[in-house]
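Below is one structure; the comments refer to it alone.
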Amino acid sequence: MAPRTALAPDPHGPGGRLQPLDDAGTPLGPPEAVPDLAAAVAAREAADRPRWVWAAADSAYAPLLPRLPDRLARCHDLRLVEPLLLAHEGRFGAPRSLGAAWSRLRGLPVPDDLPEPGLADADDGQDTLFAPDRLQLPPGADPLTAVVAVHAEQQRRIAAIADPAARQRFRLLAAAESAGALVAAEIAHDGLPWRTDVHDRLLTELLGPRPTVPGAQPRRLAELAVELQHALGAKPFNPDSHTQVLRAFAEAGIQLGSTRSWELKGIDHPAAALLIRYKELARIHVAHGWAWQDAWARGGRFRPEYVVGGVVSGRWASRGGGALQIPRILRRAVVADPGWLLVVADAAQLEPRVLAALSQDAGLARTAAGGDLYEALAVTAFQGDRDKAKLGLLGAMYGQTSGDIGPLLNTLRRRYPAAMGYVEAAARTGEDGGTVASRLGRVCPPATAAFLDLTEADTSGEAGGRTARARGRFTRNYVIQASAADWALALLAALRRRLHDLPAAGPADRPHLVFFQHDEVMVHTPANLADEVAAAVAEAAEEARRLVFGDTPVRFPLSTAVVDCYADAK
DNA sequence: TCACCGGGCGCC
DNA sequence: AAAGGGCGCCCGGTGA
């Protein structure tokens with residue numbers, strides 16, 4: 001039996017080709033053409049559970065999902081592993097498609113990556129069956145041959161990482177990133193349960209009835225615009241226009257530096273509160289209102305389009321739909337199907353815990369061994385003032401220097417020298433033009449060429465110094481955010497495997513992931529399995545801790561809720 | 001008319 | 001005095 005199997009779908013039609021591989025990527029047999037790729041994949045999955053090797057999940061896995069009887073356990077996604085390797089090798093930004101990797105391997109001219117498809121592409125009426133081939137292979141190149149060759153090369157490059165521990169962590173990174181590709185495709189396929197009737201009711205309560213003319217302003221927004229105008233004694237103006245708002249306030253004798261809500265909150269005038277409310281409601285209307293519902297939440301499911309590895313830190317991004325920015329108030333619309341429940345789990349205070357584990361600061365690790373890290377920190381170092389403890393630690397992780405934070409940072413530096421030294425070293429590396437990496441080896445992008453050209457005289461000047469400090473804040477935060485993303489990906493992979501292994505009557509009755517947001521996961525599960533799912537999440541978090549951080553006293557507790565409705569989770 | 005930019009704010 | 005990291009999305013405004 002083959003530990004790995006390369007897979008390449010035919011560009012047209014349901015067939016494809018397969019080839020068994022060993023773990024180094026060496027073929028164990030000849031390529032095999034199959035007329036029904038889904039059936040052939042399902043049969044081999046049942047027999048062997050190989051790690052599937054493909055160019056990219058969106059072209060190789062997503063089209064199979066509707067025709068597969070069950071999920072695939074493992075994959076190696078060349079399109080995701082390639083940029084991880086390139087960055088690790090100091091070649092950040094090189095094209096990452098299968099064709100680009102293949103061309104590099106063959107010494108051919110390397111094609112640029114195609115631009116990411118945007119909303120416009122999804123909306124232009126094109127049949128997705130005829131979407132352009134995104135593999136970027138040179139004419140005449142055989143996709144399966146390229147998949148096999150590029151995979152063997154990636155395995156060789158991973159094996160070439162000199163430090164055994166770093167190599168092992170990078171293997172984990174590649175596996176976790178690839179598991180993310182499976183999860184993202186499956187969430188897009190299954191969708192997050194979304195009650196459009198509840199969403200409608202919320203929108204109507206907030207905005208007034210749905211306008212009958214598409215694009216018309218909802219009643220409540222129109223009313224607020226008029227109330228705002230009257231409160232200022234102004235002529236009609238557009239509250240969506242920054243400049244018009246500033247002018248209207250100025251004419252009423254209120255000088256604003258901006259229209260930001262935090263500035264408005266300090267203005268003692270009825271117009272300020274009206275504008276804040278207008279902006280809140282307008283935001284919901286334009287970003288997650290009726291138009292969004294029509295486009296993204298039809299048929300009782302919201303299908304987010306995640307972009308795995310879309311953020312340099314390894315966080316996921318989303319493409320259209322705003323999956324990672326759903327306003328809290330709309331969580332009311334996320335309701336489990338009848339007989340099902342939602343298990344919602346989020347990692348509590350993930351980033352400071354990651355800092356404690358990364359820096360191996362014994363003192364900070366002690367505060368992170370129990371429940372509320374900020375409370376423990378406050379008791380130890382801030383006379384019980386939890387707000388100060390939280391502010392100080394966040395400031396340390398983000399590189400904040402403004403406000404009254406200096407004394408807090410000094411306290412932290414005194415009490416937790418290893419932790420503070422860790423982030424400050426990362427910041428210095430960035431200020432000096434260097435790169436930093438996550439725990440598992442995701443390397444941050446280099447500074448821009450313009451930055452690297454700055455001389456020491458430049459960076460000790462005002463503008464250059466600002467640029468250098470901005471770069472320092474980025475690398476300072478990167479080591480934490482990216483290592484937190486490592487942990488979250490490992491959690492996701494471990495949880496997905498556990499869910500797959502839970503006993504279920506059939507694939508349709510199996511608990512499945514429906515949402516992922518940086519440090520939070522949601523599983524839609526038959527009600528009778530909810531407790532087992534909650535236990536699986538906790539076990540997955542513990543597994544992720546062990547895999548990513550090894551022997552650390554730091555714990556990564558989850559706050560887990562079993563609910564009917566997302567809004568009740570916390 | 002279109003592409004791009006920055007403001008502003010949603011989420012972490 | 002000000003100097004908080006990462007995104008996506010929509011808007012108005014601007015310049016080609």
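Note that the structure is predicted; figures quoted are calculated from it, not measured. Chain letters run A, B, ... following the sequence lines, proteins first and then strands; every chain starts at 1.
- Checking C/dG6, C/dG13, B/dC9 against the side-chain heavy atoms of A/V311 singles out C/dG6 as nearest.
- With respect to A/R195 and A/D197, a salt bridge is recorded, a charged nitrogen being found less than 4.0 Å from a carboxylate O.
- The side chain of A/D240 approaches C/dC11 more closely than any other nucleotide in the set B/dC11, B/dG8, C/dC11.
- Remark: A/R386 is not positioned above the aromatic ring of A/Y374, lacking an NZ or CZ atom under 6.0 angstrom from the ring centre and at most 45 degrees off the axis.
- Listed pair A/N477 / C/dG4 fails the phosphate criterion, with no side-chain N or O lying under 4.0 Å from OP1 or OP2.
- For the pair A/Y398 and C/dG4, the ring geometry does not qualify as stacking, because the centroid separation below 5.5 Å and plane angle under 30° are not jointly satisfied.
- OP1 or OP2 of C/dG13 has at least one side-chain nitrogen or oxygen of A/S241 nearer than 4.0 Å.
- Residues from residues 184-211 of chain A lying near DNA chain B, meaning a heavy-atom separation below 4.0 Å, are absent.
- Annotation: A/E280, atom CD; neighbour count of heavy atoms from other residues, nucleotides and ligands within 6.0 Å is above 12.
- Among residues at least two apart or in separate chains, side-chain hydrogen bond (donor to acceptor under 3.5 Å, both in side chains) pairs with a member in residues 208-224 of chain A are A/R210-A/D294, A/Q217-A/Y278, A/R220-A/E223, A/R220-A/E227.
- Once rounded to the nearest 0.5 Å, the distance linking CG of A/D77 with CG of A/L182 reads 8.0 Å.
- Counting atom types as modelled, A/R315 pairs a side-chain N or O with a base atom of B/dC12 as donor and acceptor under 3.5 Å.
- Remark: A/S313 is not in phosphate contact with C/dC7, judged by side-chain N or O atoms under 4.0 Å from OP1 or OP2.
- Looking at A/T475, its side chain does come within 3.5 Å of a backbone N or O of A/R471 through a donor-acceptor pair.
- Side chain of A/S483 to backbone of A/R439: a donor-acceptor contact under 3.5 angstrom is found.
- To the nearest whole angstrom, the two C1' atoms, one in B/dG10 and one in C/dA3, are 25 Å apart.
- Ring geometry for A/H199 against A/W194 counts as perpendicular: the plane angle is over 60°, on a 0 to 90° scale with 30° as the lower cut.
- Looking only at atom types and distance, the side chain of A/D372 has a donor-acceptor partner in the side chain of A/Q349 under 3.5 Å away.
- For the residue pair A/D519 / A/W487, no side-chain donor-acceptor distance below 3.5 Å is found, with atom types taken as modelled.
- Here A/Q481 lies in heavy-atom contact (under 4.0 Å) with a base.
- OP1 or OP2 of B/dC12 has at least one side-chain nitrogen or oxygen of A/R328 nearer than 4.0 Å.
- The stretch residues 420-434 of chain A has no heavy atom under 4.0 Å from DNA chain C, so no residue of it qualifies as close.
- Crowding of A/K279 atom NZ: a count of heavy atoms from other residues, nucleotides or ligands under 6.0 Å exceeding 12.
- Here the closest non-hydrogen pair linking A/A176 and A/A490 is CB-N, 4.3 Å.
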* Structure fact -> Writing each nucleotide of DNA chain C 5' to 3' as (, ), [, ], | or . by Watson-Crick or G-U pairing under 3.5 Å yields ....||||||||||||
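- For A/R473, a side-chain nitrogen or oxygen approaches OP1 or OP2 of C/dG5 to under 4.0 Å.
- OP1 or OP2 of B/dC9 lies within a sub-4.0 Å distance of a side-chain N or O belonging to A/S261.
- Atoms CG (A/L246) and C1' (C/dG12) sit 12 Å apart, rounded to a whole Å.
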Check nucleotides 1-7 of chain B for protein N or O atoms closer than 3.5 Å to its own N or O atoms and list the pairs.
unit_1, atom_1, unit_2, atom_2, d
B/dG7, O3', A/H242, ND1, 3.1

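- In summary, the side chains of A/E263 and A/S258 do present a donor paired with an acceptor at a separation below 3.5 Å, with no hydrogens or angles considered.
- Of the candidates C/dG4, B/dG10, C/dG5, B/dG10 carries the atom nearest the A/P327 side chain, counting heavy atoms from C-beta on.
- Looking at residues two or more places apart in sequence or on another chain, you find a ring pair (Phe, Tyr, Trp, His ring centres under 6.0 Å) between A/H88 and A/F170.
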